[in-house]
Amino acid sequence: MTYVKTTLQHSIDIDAIITLHYFEYMKNFEFKGESHNFWEFLYVDKGTVAVRADDTWTTLYTGDIIFHQPNEFHAIKSIGKDSPIWSSCLSLPVRRPCLSS
């Protein structure tokens, strides 16, 4: 078997983590929203949520992820009939052109 080396390109540099959470939301959970000067990634591990990014609401299902750029207002609420809803949230500063806001 021939092995081929693949050189990876550095797309982003992560030097710090601001927050790292794993949440369990009940079916009536609602967070009215916030904005801040760093990136936030939200991953839905199980369930269905509605997520606001500035003035646009989007439905996320199990396995979906959303990226909130710095200073973007964002909110979340449970919309699934099942409870609990599980999600992960990671906030971090990113200094690379591929994720510039």
Are [X] and [Y] connected in the hydrophobic side-chain network, where two residues link if heavy atoms are under 4.5 Å apart?
X   : Y   : answer
V44 : I79 : no
I18 : L20 : no
I65 : L90 : yes
W57 : I66 : no

Which class fits the ring pair H74 and H68: parallel under 30°, tilted 30 to 60°, perpendicular over 60°? parallel

Of all residues at least two apart in sequence or in a different chain, which pass the side chain to side chain donor-acceptor pair (under 3.5 Å) check with Y43? none

Return the [atom1] to [atom2] distance between [X] and [Y], rounded to the nearest 0.5 Å.
X   : Y   : atom1 : atom2 : result
F73 : R52 : CZ    : CZ    : 5.0 Å
T56 : E72 : OG1   : CD    : 8.5 Å
F23 : L42 : CZ    : CG    : 8.5 Å
E24 : M26 : CD    : CE    : 4.0 Å
L60 : S87 : CG    : OG    : 9.5 Å

For residues [X] and [Y], report the shortest heavy-atom separation together with the two atoms involved.
X   : Y   : answer
A75 : F31 : CB-O, 3.3 Å
T59 : D64 : O-OD2, 4.3 Å
S78 : V49 : CA-CG1, 4.3 Å

Is the distance from the ring center of W86 to that of Y22 below 6.0 Å? yes

Whether S91 side chain and E40 backbone form a donor-acceptor pair below 3.5 Å: no

With a 3.5 Å distance limit and no angle check, can you tell me whether H36 reaches the backbone of F38 through a side-chain donor-acceptor pair? yes

Report yes if the side chains of W39 and P93 come closer than 4.5 Å at any heavy-atom pair, otherwise no. no

